[in-house]
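Nothing here was measured: the structure is a model prediction, and the numbers come from that model. Heavy atoms only: backbone and side chains are in, while hydrogens, waters and symmetry mates are out.
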Amino acid sequence: MPGFRAGLVVTIAALVAAATPAAAADDPLAPYTGQQLTWGACAFTPAADARPAECALVTVPRDWANPAAGVDLQVSISRVAATGQRLGALLVNPGGPGGQGTSLAGALAGLEPSVNQLYDLIGMDPRGTGREGSDDHGFQCQVPTGRLPAGLDARDRSARSVALHQQSPRAIAEACQSNALTPYVTTWQTAHDMDLIRTLLGDEKLNYLGYSYGTWLGAKYASLFPEHTGKTVLDSSVNFEGRLQADFEAFPVIDQRQFDDVYLPWVVRRYGDQLGTSVAEVKAEIERIRAFYKTQGVDGDSFDRIFVGNGSQFQWYLGVLVLVLGANSLEPGGAAPGDELDAVSRSAFGVPAAQLTVAKVAATVPDYTAVSGTRYAVACGDQPTRSAAWYQRLSDRQGSQYPLYGWLYGLSEPCGFWSDAPQHTLPNLPAQVAKNVLVVQGEFDPQTGYEQAKAASRAAGVPLVSVDDSPFHGQYALSGNPCVDGMVNTFLTRNSRPGSVTCPGVPLPDEDAVHPVTGPLGAAHSSLTTRLSDAHSVLRNEVQRQVSALN
């Protein structure tokens, strides 16, 4: 009875601590390592087809470097117990930084029951993120409304436009750094929270699956706690051997590549009648639609952001929906949106596509007066940052080559105005744990570039499972690719790790065949003519949407 054994270990630890008060007084970690987990109902509502989870709160010190100082924090975790002979716990993270992950455990258990048979799947809402499904949204940076100019277009390179653009990232950085919690919301601190969770679960090693920023978190946990690191899958990976901020700095490059080479050709094939029969025609139509939306209250920056981080099926259809609505507004009588766009309209805007208006789209432009403190505390606080002047020069260089996001990114990065120095050094992956790590990466991922994953795998000496022609963010369990799922499942359940290998791609949404594209993987490889399509397809797409939206 593995669950009984784990509970017994925790109980004995608590009894020993209670029986030796002098020793406990000398050990500032005793109040944390001696606590017992109380499992109960979760605050979130599980998705359809997800396995039910139970949740608990874990008390952690605000500062692991000085546990006795400051008010303690609480971290919410979830558990979906192993259905068979338990091998241990598999902690899962959806990325961010700042993503709540307690619901992810049940979703992945539903998608990959063979893994859940052997592992307790453990979700986590990392420090600073609050509690998923509750009114606690975590650490928010409150930015004064007057400091956030509206109606901007980064293509305007006038001195006034540049200055106005830089007001927002400066205001965000200052608002976040003024919060007393900011220095304690870092990857270093969260990795220590993870090791406490491992201790409380009664396991010698912690197995891990992380997406996007979750690859950085998992790699840094392994670097800080190599003796406690079990099997580790890093999916849609940043260069965890380099700079985390470099991932964001590459967004203009990888977004433009996916947009031009994969997304727009798909738009031509699927929506040629509405938007154009060649990539050049679609690009011209997008410019006409963009100009129209600007007259209707959707500024140029907000319009462009619709196609940035275009890493899920949902986001692809959302972009098409906005374009078709614009085209039909300019020339009434166009083709009505199909069922796939109707579902996206109901989800994103609360109305069927037939009732969607440009005014409704304009009304949903995000309000940035409250932004995720965890997102910036981690992204800007883990490592030294570049200056605002450096980011402005980056914008000048990237804009003309990668206009989709190149003009805007360098003018909108709060890390450029971050003045706090990192509190701790994050080491690289030691050789002793490399045998436990597997990296998975899609060729045209627009949120974590293929080149970064490849650089990390080479530097760390770990194998890379490349996915040919894949333009989405999140591969394992989320893209319906049987090659990827089979390799990762074999690694987790049979202790057999593949070498560096390329998985063939699967067809894009609503297509029956792969349309190969030459990219960073080189010449096109063989492709699969079908993707996994079963009762879990809706859940798979929804989880990929959530992972993509976080990162």
Side-chain angles (χ1 to χ4, degrees), residues 1-17 27 29-39 51 53-61 64 75-93 101-102 104-106 108-109 112-127 189-210 214 217-234 429-430 432-438 488-489 491-495 497:
M1 299 177 65
F4 175 78
R5 180 189 62 79
L8 184 60
V9 170
V10 175
T11 302
I12 290 173
L15 290 174
V16 170
D27 181 6
L29 297 182
Y32 308 104
T33 58
Q35 65 185 299
Q36 294 189 30
L37 297 176
T38 302
W39 298 101
R51 287 208 62 218
E54 52 187 351
C55 288
L57 293 175
V58 179
T59 299
V60 301
W64 279 98
V75 171
S76 178
I77 64 173
S78 63
R79 177 177 68 179
V80 181
T83 59
Q85 183 65 36
R86 182 184 187 273
L87 291 182
L90 178 70
L91 181 68
V92 299
N93 182 277
T102 45
L104 182 61
L108 289 175
E112 300 296 341
S114 66
V115 173
N116 186 213
Q117 182 179 9
L118 300 177
Y119 294 93
D120 291 347
L121 294 192
I122 305 296
M124 179 185 183
D125 298 334
R127 60 169 54 209
Q189 299 283 359
T190 298
H192 284 73
D193 295 344
M194 290 164 57
D195 203 55
L196 174 62
I197 292 168
R198 176 198 61 77
T199 299
L200 298 179
L201 293 173
D203 291 330
E204 179 183 354
K205 294 184 180 294
L206 183 66
N207 304 289
Y208 182 84
L209 164 64
L217 176 61
K220 296 312 175 185
Y221 173 83
S223 302
L224 291 164
F225 300 97
E227 70 281 7
H228 294 152
T229 298
K231 297 184 182 69
T232 300
V233 179
L234 307 178
L429 201 70
Q432 70 190 86
V433 296
K435 66 181 183 299
N436 297 332
V437 179
L438 178 66
V488 174
N489 285 341
F491 174 48
L492 292 174
T493 65
R494 300 180 188 175
N495 202 30
R497 187 182 65 167

Is it the case that the side chain of T232 and the backbone of G230 share a donor-acceptor pair, with hydrogens and angles ignored and the cut-off at 3.5 Å?
yes
Do L37 and V58 touch side chain to side chain, with heavy atoms closer than 4.5 Å?
yes
Verify, without hydrogens or angle tests, whether N93 (side chain) and G210 (backbone) share a donor-acceptor contact under 3.5 angstrom.
no
Closest non-hydrogen atom pair, L196 against T59:
CD2-O, 3.6 Å
Taking the side chain as every heavy atom from C-beta outward, state whether F225 and M194 have any pair of such atoms under 4.5 Å apart.
no
Heavy-atom distance under 4.5 Å between the side chains of V75 and R127, does that happen here?
yes
Look only at the side chain of D125 and the backbone of T102, and say whether a donor-acceptor pair between them is shorter than 3.5 Å.
yes
Can you sort out the partners of Y32 under ring pair (Phe, Tyr, Trp, His ring centres under 6.0 Å), two or more places apart, ordered by chain and number?
none
Separation of L200 CG from T33 OG1 (nearest 0.5 Å):
7.5 Å
State whether the side chain of N436 and the backbone N or O of T229 hold a donor-acceptor pair below 3.5 Å, judged by distance alone.
yes
Residues two or more places apart in sequence or in another chain: which of them pass side-chain contact (heavy atoms from CB on, under 4.5 Å) with A219?
L234, F240
Backbone of P226 reached by a side-chain donor or acceptor of Q432 within 3.5 Å
no
What's the separation between atom CG in L201 and atom CG in L206, rounded to the nearest 0.5 Å?
8.0 Å
State, with a plain yes or no, whether a side-chain heavy atom of D203 is found less than 4.5 Å away from one of R86.
yes
Within 6.0 Å of CD in E227, more than 12 heavy atoms from elsewhere
yes
Looking at L492, is its backbone amide N or carbonyl O close enough to the side chain of N489 to form a donor-acceptor pair, meaning the two atoms are under 3.5 Å apart?
no
For a 4.5 angstrom cut-off between non-hydrogen side-chain atoms, does Y119 reach V80?
no
Side chain proximity check, E112 to V488, heavy atoms < 4.5 angstrom
no
Considering all heavy atoms, the nearest A191-L224 contact
CB-CD1, 3.8 Å
For the side chain of R497 and the backbone of L438, is there at least one donor-acceptor N/O pair under 3.5 Å apart?
no
Hey, are the side chains of V115 and L121 touching, using non-hydrogen atoms and a 4.5 Å cut-off?
yes
Please name the pair of heavy atoms, one in Q35 and one in L57, separated by the smallest distance, quoted to 0.1 Å.
OE1-O, 4.4 Å
Taking all non-hydrogen atoms of both residues into account, name the closest pair between S78 and W39 and its distance.
C-CZ3, 3.9 Å
Mind checking the CG-CG spacing from L87 to L118? Nearest 0.5 Å is all I need.
4.5 Å
Examine distances only and state if a side-chain atom of Q189 and a backbone atom of W64 form a donor-acceptor pair shorter than 3.5 Å.
yes
